[in-house]
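Here the structure is laid out as structure tokens; the discussion comes afterwards.
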Amino acid sequence: MYEQVSHSLLNDILNRINPEISNQDLRHFYTRLGANFYAIHSLFERLYGHRSDFAEQAQNLVETMARQYIRRPDALRQLDLERERDYNWFLSQKWVGMALYVGGFAGDLRGLRENLNYFSELGVNLVHIMPIMLCPEGRSDGGYAVSDFRRIDPRVGTLEDLAALSEEMRRRDMLLVLDVVVNHTSDEHEWAQRARSGAPTYQDYYYTFGNRVVPDMFEQNMPEIFPQQAPGNFTWDETMQRWVMTVFNSYQWDLNYGNPAVFIEMLDIILFWANQGADILRLDAVAFLWKKIGSTCQNEREAHLILQLFKDCCQVAAPGVIFIAEAIVAPVEVAKYFGEDAVIAKECEIAYNATFMALLWDAVATKNARLLNQGIKSLPVKLERATWLNYIRCHDDIGLGFDDQDIVLAGYQPQEHRRFLIDYFTGRYPGSHARGLPFGENEKTGDARISGALASLVGLEHALEVGDSQGTEDAIALIILLHAMIFSFGGIALLYYGDALGTCNDDSYLDDPHKREDSRWIHRPAINWERAARRHTPGTAEFRIFTPLKRMIAVRKEIGVFADFNNRELLEVGNPHLFAFGRYNLNKPSERVLVIGNFSHKPQPLALADVAGWSPRCGRLVDLITGKHPEGINDSLVIPGFGCYWLSET
Ligand code: GLC
């Protein structure tokens with residue numbers, strides 16, 4: 001959009017631009033800058049326009065983008081152009097991902113490159129490497145307390161190793177996802193060290209206070225994120241003699257985005273990693289980016305403006321790179337991370353579907369889909385060109401972030417129901433064989449979350465240990481069912497490393513004093529590749545999980561209706577154990593798939609005549625997963641206990 005004020009500022013900036021930049025051929029950069037500058041200027045002005053150094057900061061902002069564009073390797077610039085043409089590339093059903101810790105998966109980046117065949121074998125073509133930037137040993141929060149944003153942890157490898165990996169992945173048409181921890185740094189980061197030694201410029205990078213007056217005002221409305229291991233939101237720094245805002249662990253200092261220098265530094269870092277070959281950047285803890293006294297300091301309007309600004313700037317310097325929002329917040333808030341008041345995504349193109357994840361776990365515990373159906377009904381509609389990251393487990397805990405209203409509509413009492421879920425997954429509930437651990441128990445509020453590996457949470461660990469063959473059957477069926485749901489729901493499916501092999505809890509973290517207090521480490525295993533080889537041996541649990549997952553991934557990739565174009569319809573089926581939805585080709589009504597999952601251990605009937613728009617005869621349907629006709633009696637389908645169908649008309 002042409003607008004005089006922003007245009008004249010842009011002219012001033014370009015007139016003053018550093019000769020090292022103006023001497024270069026930056027044709028594409030200038031076109032994109034021209035296209036986005038109105039938005040960039042409006043956002044930057046809205047956030048920082050009141051400052052006397054505004055013009056200088058705007059100059060820095062543009063020069064930062066230009067420098068990173070100049071450094072962008074040719075191959076990546078080429079990819080930018082291709083993705084500009086094929087702008088829906090990330091909505092395709094062909095993307096199936098896996099999140100992993102490099103150390104636990106393959107030792108280091110070289111090991112990971114040598115193991116790429118494992119992904120190809122399973123059909124995974126998007127790999128999210130958990131944070132690999134330099135962190136202090138011990139006080140690292142699993143990589144989320146970064147002490148140097150431009151260096152890789154030497155135990156994992158070097159920038160050269162990463163370049164080799166990304167090149168090889170590109171050759172194999174695989175996407176690389178890297179984390180950028182935008183909300184905070186480690187207290188050992190250079191900025192924090194300088195702040196500690198008294199430099200006001202760097203104290204202004206964080207929220208620091210000489211006394212408790214402001215911290216106490218903040219505390220009145222801020223919830224505690226790690227109430228057990230790091231209660232409160234502020235930490236006293238002895239050297240600096242000041243309080244620092246530390247929403248997560250006491251050694252993770254929250255960055256002050258009220259300072260434009262922080263925004264520009266972090267943009268520079270985002271673009272740095274884009275230039276290392278990342279296709280997608282996962283922006284960590286984005287709900288927390290803006291702090292305001294009197295609020296919970298989550299999901300603030302300005303946090304969204306910052307993300308929009310990151311997006312607009314990234315589109316100028318590295319438009320082929322897209323963002324994942326890691327915002328594990330209430331269902332109505334999550335969808336806002338695609339961008340509010342917009343048609344197409346304008347913040348992050350991808351967001352974790354934490355709502356679906358938590359609802360699936362609810363269905364596992366209750367053995368019915370009442371809350372799952374209700375919760376999905378309330379899931380806000382996505383923008384166009386925005387997609388979910390559907391997952392079952394990840395490196396974090398499972399938060400029970402359902403809407404209370406939905407819990408009531410599903411027929412439960414919210415507090416009681418949450419208590420039941422915690423008891424169920426920690427194995428305290430009579431008859432439950434789940435082996436989860438509580439995480440973040442808050443005595444003041446009664447809240448708690450759950451840690452644990454998928455296989456342990458669904459009872460596989462217990463069943464294998466006691467030799468319960470029915471229990472083993474059920475747990476394996478559940479693992480397959482949960483994956484069938486995330487593969488077909490619409491969005492990028494993200495597996496968690498170890499899950500396709502039935503990897504159970506790993507309690508070795510208890511021996512490490514830095515990890516002992518954080519139960520999330522129980523589900524961050526080291527893969528035992530000798531055991532993993534059993535995936536080729538029929539009859540083993542590994543084989544019985546890996547094989548159907550591999551098959552479903554292959555089928556998903558072939559079925560166009562599984563691409564995510566807001567082409568899913570939740571179907572009422574009148575049986576509380578079933579979760580059913582249709583996937584459609586909006587341009588070709590005859591192309592459609594009926595997905596049905598049964599969360600009960602008992603077979604469940606479904607009369608096709610009751611499913612709106614779906615009344616074909618059972619015999620005319622084929623299950624795409626197995627290639628067989630589904631079981632049925634008199635045009636009532638029978639869905640096996642913990643079974644799942646992807647039905648299409650023959
Ligand atoms: C994100 C990460 C989590 C980490 C937190 C603080 O939520 O996923 O592992 O503890 O941010 O960095």
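For ligands, and for the atoms within them, numbers begin at 1 and follow the listed sequence. Reckoned from all heavy atoms, side chains included, excluding hydrogens, waters and symmetry mates. Everything numeric in this text was worked out from a predicted model, so none of it was measured.
For R242 (side chain) and T208 (main-chain N/O), a donor-acceptor pair under 3.5 Å exists by modelled atom type. H189 contributes no side-chain N or O that, together with a main-chain N or O of S186, makes up a donor-acceptor pair within less than 3.5 Å. The main-chain N or O of D268 is found under 3.5 Å from a side-chain atom of Q68 such that the two form a donor-acceptor pair.
Proximity to D141 (heavy-atom distance under 4.0 Å) selects the following atoms of ligand 1: 4 (C), 5 (C), 6 (C), 10 (O), 12 (O). Close contacts between ligand 1 and H184 involve ligand atoms 6 (C), 12 (O) [criterion: under 4.0 Å to a heavy atom]. For ligand 1, the atoms lying closer than 4.0 Å to a non-hydrogen atom of D396 are 2 (C), 3 (C), 7 (O), 8 (O), 9 (O). Within ligand 1, counting atoms from 1 as listed, the ones closer than 4.0 Å to a heavy atom of R520 are 3 (C), 4 (C), 9 (O), 10 (O). The F226 neighbourhood of ligand 1 comprises atoms 10 (O), with distances under 4.0 Å to a heavy atom of that residue. Heavy-atom proximity to H395, at under 4.0 Å, picks out these atoms of ligand 1: 2 (C), 3 (C), 8 (O), 9 (O).
Taking the six-membered ring wherever Trp is involved, the centroid distance between the rings of F439 and W521 does not fall below 6.0 Å. Y497 has its ring centre no less than 6.0 Å from the ring centre of Y118.
Residue contact annotation: D284 has a non-hydrogen atom under 4.0 Å from ligand 1.
A cation-pi arrangement is present between R212 and W243 under the rule of less than 6.0 angstrom and at most 45 degrees off the ring axis.
Annotation: Q241, atom CD; neighbour count of heavy atoms from other residues, nucleotides and ligands within 6.0 Å is above 12.
No part of M130 comes within 4.0 Å of ligand 1, judged by heavy-atom distances.
Scanning the protein heavy atoms around atom 7 (O) of ligand 1, the nearest turns out to be E326 OE2, 3.0 Å.
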